[in-house]
Amino acid sequence: MKKGMAAGCITWVILFSLMGACLVPVGLMTAGFTSQTDFVTQTMGGFLCPTGTTPELYTYATTVRSELGTDMPATASELICLDNNGQTVVNLGPAYAFIWTGVLGIAGLVVAAILSIFLAGPIGIFIAKKFGRKQESAIG
């Protein structure tokens, strides 16, 4: 294996690690902020609901227990699939939100990999020029 190829692979791994550490949390936060939008309901419902049904987001008030053991009010969301009469055919629960979060987390990894591929070459060349072997002069 050539030294240049090894340096390029190491550069890619470092870039992928740094960008992945930034882009995956951004994807996960974006999923959290957008999981209750109509776009996500229609998109995930199109994949998860049976054909001939309409996806709808059902929200209701509930409580969660804090670290201190006290109950706090919260809102829960479930993706339900309705038939033409408005009857619930399938209640998918919060699974749509977990799938959406995974999709955006993986999207962050894919973007990090693509950016790392495009940036590894120029950065590797810069590092080689900056820290590479110095050419010997004719004087010695």
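Values below: every heavy atom of this structure, side chains too, minus hydrogens, waters and symmetry copies. Count residues from 1 along the sequence.
Contact between Cys81 and Thr53 at its shortest, heavy atoms only, is CB-OG1, 3.8 Å. Between Gly20 and Ala112, the shortest heavy-atom distance links the atoms N-CB, 3.7 Å. Pro50 approaches Val90 most closely through the heavy-atom pair CG-CG2, 3.9 Å. The nearest pair of heavy atoms linking Gly32 to Ser35 is O-OG, 3.6 Å. Pairing each heavy atom of Ser77 with each of Leu57, the nearest pair is CB-CD1, 4.1 Å. Between Val64 and Ala74, the shortest heavy-atom distance links the atoms CG1-CB, 3.9 Å.
Ile10 is not connected to Val13 by any chain of hydrophobic side-chain contacts under 4.5 Å among Ile, Leu, Val, Met, Phe, Trp and Tyr, and they are in different clusters. Note on Ile117 and Leu18: separate hydrophobic clusters, where clusters join Ile, Leu, Val, Met, Phe, Trp and Tyr whose side-chain heavy atoms are under 4.5 Å apart, directly or indirectly. The hydrophobic cluster containing Phe33 does not contain Val103, counting ILVMFWY residues as joined when their side-chain heavy atoms lie under 4.5 angstrom apart, directly or transitively. There is no path of hydrophobic side-chain contacts, each under 4.5 Å, that joins Leu104 to Val24. A chain of hydrophobic side-chain contacts below 4.5 Å, direct or via other Ile, Leu, Val, Met, Phe, Trp or Tyr residues, connects Leu115 to Leu15.
The line from OG1 of Thr43 to CG of Leu48 is 10.5 Å long, rounded to the nearest 0.5 Å. Note that CD of Glu56 is 8.0 Å distant from OG1 of Thr88, once rounded to the nearest 0.5 Å. In this structure, Asp71 CG and Thr62 OG1 are separated by 9.0 Å, a value rounded to the nearest 0.5 Å. Note that the CH2 atom of Trp100 and the CG atom of Leu79 stand 12.5 Å from one another [nearest 0.5 Å]. Atoms CD1 and CG, on Ile114 and Leu119 in that order, are 11.5 Å from each other to the nearest 0.5 Å. Considering OG1 of Thr101 and CD1 of Ile106, their distance stands at 11.0 Å, rounded to 0.5 Å.
Using a 4.5 Å cut-off on side-chain heavy atoms (C-beta onward), Tyr96 and Val40 make contact. The side-chain heavy atoms of Met44 and Leu92, taken from C-beta on, include no pair separated by under 4.5 Å. Within the 4.5 Å cutoff, no side-chain heavy atoms of Leu109 are placed close to those of Leu23.
The backbone N or O of Asn85 lies less than 3.5 Å from a partner atom in the side chain of Asp83, making a donor-acceptor pair.
Heavy-atom contacts from other residues, nucleotides or ligands closer than 6.0 Å to CZ of Phe47 number 12 or fewer. Within 6.0 Å of CG in Asn84 there are 12 or fewer heavy atoms belonging to other residues, nucleotides or ligands.
Thr30 and Thr34 share no side-chain donor-acceptor pair at under 3.5 Å.
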